[in-house]
Student: 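Take this structure, written in structure tokens, and hold onto it; I'll ask about it next.
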Number of protein chains: 2
Amino acid sequence: MAGVTDETPGLSPEELGAYFAVMEVSSLLQYAVDAHLRAEGDLSYVQFQILARLVDAPDGRLRMTDLADGVVYSRSGLTYQAGLLDKRGLITRSSSPDDERVIVVTVTDSGRGLVARVLPGHVADVRRLLFDPMATGDLAALSEVLGRVRAHMRATPPRSAKPRAKRRGAG
Amino acid sequence: MAGVTDETPGLSPEELGAYFAVMEVSSLLQYAVDAHLRAEGDLSYVQFQILARLVDAPDGRLRMTDLADGVVYSRSGLTYQAGLLDKRGLITRSSSPDDERVIVVTVTDSGRGLVARVLPGHVADVRRLLFDPMATGDLAALSEVLGRVRAHMRATPPRSAKPRAKRRGAG
DNA sequence: TATTGTTATACTCTATAACTATA
DNA sequence: TATAGTTATAGAGTATAACAATA
């Protein structure tokens, strides 16, 4: 892409390289991690993220909306995934006493067990691919840079952020 | 995930944070960029990558295999995407005189035009999301760290790296 | 036989819109 | 009316295996 046009705006060669590096590293990392999760636990990365969030939540419970917010996907997409996890006995769903509209998702022991089973390999993958090649100070540097970027991203809705049934002001 | 088990091996809280940051940043970045490409040029990120690679290649030509290697996907997946791009007149495909098995993919002027048209916005997205929030020195630091990681990844086949065509041993 | 690429096919995933029900 | 979630459905994308053709 370096020579696309003579007036390619904006990105210096270094920036372009950094951008490509981010995308390639994350792509390969996700590919490897996803493959491992599927092989070890028959879980997609999304499913693993859902379970991991639940395992980390107080009492292992979260509302559907909380999960949807975290995993970015649409509500119907989450319903689909939750249906699969439910069918496998990895989670349960029950309506909340406080608000009958709300569905509370809870990880089952089986779900916890599965997470515990795939986690070591998952972590090992991440370590091998992401952290092993790093030099001293790299971790701190990466954390700081990406921390800043992430904070900025979170504060800046993508543009056409469609909070589905939300968004009232702010056109 | 911090408290998954008492003996979660491997990753320190800082490493876990960095890992999550990498995945979240890349995910949001790709989501935003993909949305822009679709809106501006009716191109998926994968399709854009194919075109961008071609635009950057000598004479705007690459073999199918070269493209498949770069985009990671399966050969049939590339054939599918190439079919879509071909149908839209953004690329052409012709067999190589050197090796009749080989299909050479070439970007058309139309394809170049489309890339040129969506590139400014694409670049602007990347700048806004990835580089604007960075502090002085962040770019260099990120490049160095991820450069190392990427080099390591490239040198280390994921695992059962598909030998491209077949696999006979290893079940 | 090995390699390049296509095709047929089945499947996973995601998004949209319509719908139910609760608040 | 607004929110939480589901369902119906349709479409994009991907992987696998069988296939044809060339080396």
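Protein chains get the first letters and strands the later ones, always in sequence-line order, with residue 1 at the start of each. No experiment lies behind these values; they were computed from the predicted model shown.
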Student: Would you name the heavy atoms of A/L11 and A/L16 that are closest together and state the gap between them?
Tutor: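 Result for this residue pair: CD1-CD1, 3.7 Å.
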Student: Please tell me which of the listed nucleotides, C/dG5, D/dA4, D/dA21, lies nearest to the side chain of A/R63?
Tutor: D/dA4
Student: In whole angstroms, how far is the P atom of C/dC13 from the OH atom of A/Y45?
Tutor: 15 Å
Student: Tell me, do B/R154 and A/E24 make a side-chain contact under 4.5 Å, heavy atoms counted?
Tutor: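 Answer yes - side chains close enough.
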Student: Do any side-chain nitrogens or oxygens of A/R75 fall under 4.0 Å of OP1 or OP2 in D/dA4?
Tutor: yes
Student: Among the candidates D/dG13, D/dG5, C/dT14, find the nucleotide nearest to the side-chain atoms of A/Q81.
Tutor: C/dT14
Student: Please give, in whole Å, the distance from D/dG5 P to A/L78 CG?
Tutor: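 Whole-Å distance recorded here is 8 Å.
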Student: Check every atom of C/dA21, D/dT22, D/dT6 against the side chain of A/R101 and return the nucleotide holding the closest atom.
Tutor: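 Closest nucleotide to the A/R101 side chain: C/dA21.
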Student: With side chains defined as the heavy atoms from C-beta onward, is the minimum distance between A/L28 and A/L129 less than 4.5 Å?
Tutor: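 No - every pair of side-chain heavy atoms lies 4.5 Å or more apart.
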Student: Take atom CG of A/D42 and atom P of C/dC11, then tell me their distance rounded to the nearest Å.
Tutor: 15 Å
Student: Name the atoms and distances for all side-chain donor-acceptor pairs under 3.5 Å in residues 78-86 of chain B, with sequence neighbours left out.
Tutor:
from	atom 1	to	atom 2	distance (Å)
B/T79	OG1	B/R75	O	3.1
B/Q81	OE1	B/Q47	NE2	2.8
B/D86	OD2	B/R93	NE	3.0
B/D86	OD2	B/R93	NH2	3.2

Student: Looking at the side chain of A/S76, which of D/dA23, D/dT6, C/dA15 is the nearest nucleotide?
Tutor: C/dA15
Student: Would you indicate which nucleotide in D/dA12, D/dT22, C/dC13 comes nearest to any side-chain atom of B/R38?
Tutor: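 Nearest nucleotide to the side chain: D/dA12.
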Student: If every non-hydrogen atom of B/L29 is compared with every non-hydrogen atom of B/V126, which pair is closest and at what distance?
Tutor: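 What the structure gives for the nearest pair is CD1-CA, 4.4 Å.
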Student: Which of the following nucleotides, C/dC13, C/dA15, D/dG5, is nearest to the side chain of A/S74?
Tutor: C/dA15
Student: D/dA12 P sits how many Å from B/I50 CD1, rounded?
Tutor: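 Atom CD1 in B/I50 sits about 16 Å away from atom P in D/dA12.
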Student: Side chain of A/Y80, heavy atoms from C-beta onward: which of C/dA23, C/dC13, C/dT4 has the nearest atom to it?
Tutor: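 Nucleotide nearest to A/Y80's side chain: C/dC13.
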Student: Does A/G77 or A/D98 map to a spot on DNA chain C nearer the 5' end, using the closest nucleotide for each?
Tutor: A/G77
Student: Can you tell me how far C1' of C/dT7 sits from CE of B/M64, to the nearest Å?
Tutor: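 Going from CE in B/M64 over to C1' in C/dT7 covers 13 Å.
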Student: To the nearest angstrom, how far is B/K87 atom NZ from D/dG13 atom P?
Tutor: 12 Å
Student: Can you measure A/L84 atom CG to C/dC13 atom P for me and round it to whole angstrom units?
Tutor: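 Distance check: A/L84 CG to C/dC13 P gives 7 Å.
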Student: Where the side chain of A/Y31 is concerned, which of D/dT14, D/dA15, C/dC13 is the nearest nucleotide?
Tutor: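 Of D/dT14, D/dA15, C/dC13, D/dA15 is nearest to the side chain of A/Y31.
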Student: Ignoring the backbone of B/V102, work out which of D/dA23, C/dT4, D/dA4 is nearest its side chain.
Tutor: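 Minimum distance to the B/V102 side chain belongs to C/dT4.
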Student: From the list C/dT6, D/dA4, D/dT14, which nucleotide is the closest neighbour of the side chain of B/R93?
Tutor: C/dT6
Student: Starting from C1' on D/dA12, measure out to CG on B/L85 and report it in whole angstrom.
Tutor: 14 Å
